[in-house]
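Following: one structure in structure tokens, then a few remarks.
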Amino acid sequence: MSRRYLISLLAMTLALVLASFIVLWVAPERFLVAMPLLALYFGIVTGIQHLFVTRAMYRSPKTFVQIFLATVVGMLFLHIIVLAAYLLTHPTHAHLFTVAFLVGYVVNLVFETVALVQFVKDERNKRN
């Protein structure tokens with residue numbers, strides 16, 4: 001992983017943590033302790049996914065597609081398990097947690113998509 005990616009991932013994760021604490025200051029009744037932890041969860045999962053996918057890009061195209069699809073499906077299952085586990089154990093906070101989870105998921109999905117497109121673009125420029 002490049003230093004630029006790691007710094008961007010850290011900045012995005014810290015921004016999500018800060019956003020969760022802004023919720024605490026603005027609307028404390030809507031704050032969950034899990035909100036800043038979700039930012040860390042998504043930061044770690046996104047970093048691991050990026051590591052696997054970028055390493056696979058140096059292999060054959062068939063292997064890359066298999067690893068890419070496996071990481072996407074694996075991460076989706078992991079997200080479903082985390083979401084379901086929290087919703088089953090904390091049903092009174094289900095709505096707030098689901099909203100926070102979806103915000104984190106969308107932010108990280110956009111971040112990782114842009115990062116992968118940029119990575120592919122940089123690799124093409126290096127080869128040409």
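Below, each value reflects all heavy atoms present in this structure, side chains not excepted, and no hydrogens, waters or symmetry copies. Nothing fancy with the numbering, it's 1 onward along the sequence.
Under the salt bridge (Lys or Arg N to Asp or Glu O under 4.0 Å) criterion, Arg55 pairs with no residue at all, not counting sequence neighbours. Here Phe52 pairs with nothing under the ring pair (Phe, Tyr, Trp, His ring centres under 6.0 Å) rule; sequence neighbours left out. Judged as a salt bridge (Lys or Arg N to Asp or Glu O under 4.0 Å), and not counting sequence neighbours, Lys121 has no contacts. With sequence neighbours excluded, no residue forms a ring pair (Phe, Tyr, Trp, His ring centres under 6.0 Å) with Phe119. With sequence neighbours excluded, no residue satisfies ring pair (Phe, Tyr, Trp, His ring centres under 6.0 Å) with His93.
Listed here is the closest heavy atom pair of Tyr41 and His79: OH-ND1, 2.7 Å. Pairing each heavy atom of Thr54 with each of Leu51, the nearest pair is OG1-O, 3.2 Å. Residues Thr63 and Ser60 share a closest heavy-atom pair of OG1-OG, 2.8 Å. Minimum heavy-atom separation, Leu16 to Ala39: CB-CB, 3.5 Å. Residues Ala34 and Phe97 come closest through the heavy atom pair CB-CE1, 3.9 Å. Minimum heavy-atom separation, Val120 to Met57: CG2-CE, 2.8 Å.
Val107 and Val17 fall into different hydrophobic clusters, defined by Ile, Leu, Val, Met, Phe, Trp and Tyr side-chain heavy atoms under 4.5 Å apart, directly or through other members. Both Leu38 and Trp25 belong to a common hydrophobic cluster when Ile, Leu, Val, Met, Phe, Trp and Tyr are linked at side-chain heavy-atom distances under 4.5 angstrom. In the hydrophobic cluster analysis, where Ile, Leu, Val, Met, Phe, Trp and Tyr join through side-chain heavy atoms closer than 4.5 angstrom, Phe101 is grouped together with Leu78. Ile80 and Val72 fall into different hydrophobic clusters, where Ile, Leu, Val, Met, Phe, Trp and Tyr side chains are chained together by heavy-atom contacts under 4.5 Å. Under a hydrophobic-cluster definition in which Ile, Leu, Val, Met, Phe, Trp and Tyr are linked whenever side-chain heavy atoms come within less than 4.5 Å, directly or via other members, Leu69 and Leu76 are assigned to the same cluster.
Using a 30° and 60° split on the angle between ring planes, Tyr5 and Phe111 fall in the tilted class, from 30° to 60°.
Residues Arg30 and Val99 are not in side-chain contact: their nearest non-hydrogen atoms beyond the backbone lie 4.5 Å or more apart. Inter-residue side-chain proximity for Leu24 and Phe21 is flagged as met; some heavy-atom pair is nearer than 4.5 Å. Counting only heavy atoms from C-beta outward, the side chains of Leu96 and Phe31 never approach each other to under 4.5 Å.
Put simply, the side chain of Thr46 never gets that close to the backbone of Gly43: no donor and acceptor are under 3.5 Å apart.
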Worked verdict on Glu123 versus Tyr58 for side-chain hydrogen bond (donor to acceptor under 3.5 Å, both in side chains): CA-CA 10 Å; Glu123 288 299 310; Tyr58 298 110; 3.2 Å; yes
Trace of the side-chain contact (heavy atoms from CB on, under 4.5 Å) decision for Tyr86 with Leu32: CA-CA 12 Å; Tyr86 191 89; Leu32 297 174; 4.2 Å; yes
Apply side-chain contact (heavy atoms from CB on, under 4.5 Å) to the pair Ile67 and Arg59, showing each step before the final yes or no. CA-CA 10 Å; Ile67 291 175; Arg59 299 182 186 166; 3.2 Å; yes
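To the nearest 0.5 Å, atoms CD1 (Ile44) and CG (Asn108) are separated by 11.0 Å. Atoms CG and OG, on Leu18 and Ser20 in that order, are 7.5 Å from each other to the nearest 0.5 Å. Atom OH of residue Tyr105 and atom CG of residue Leu83 lie 11.5 Å apart, to the nearest 0.5 angstrom. Rounding to the nearest 0.5 Å places CE of Met75 at 13.0 Å from CG of Leu109. Separation of atoms CE (Met12) and CZ (Phe42) is listed at 10.0 Å; rounding is to 0.5 Å. Taken from NE2 in His50 to OG1 in Thr71, the straight-line distance is 11.5 Å, to the nearest 0.5 Å.
Other cluster members for Leu102: none, since no ILVMFWY side-chain heavy atom sits under 4.5 Å from it.
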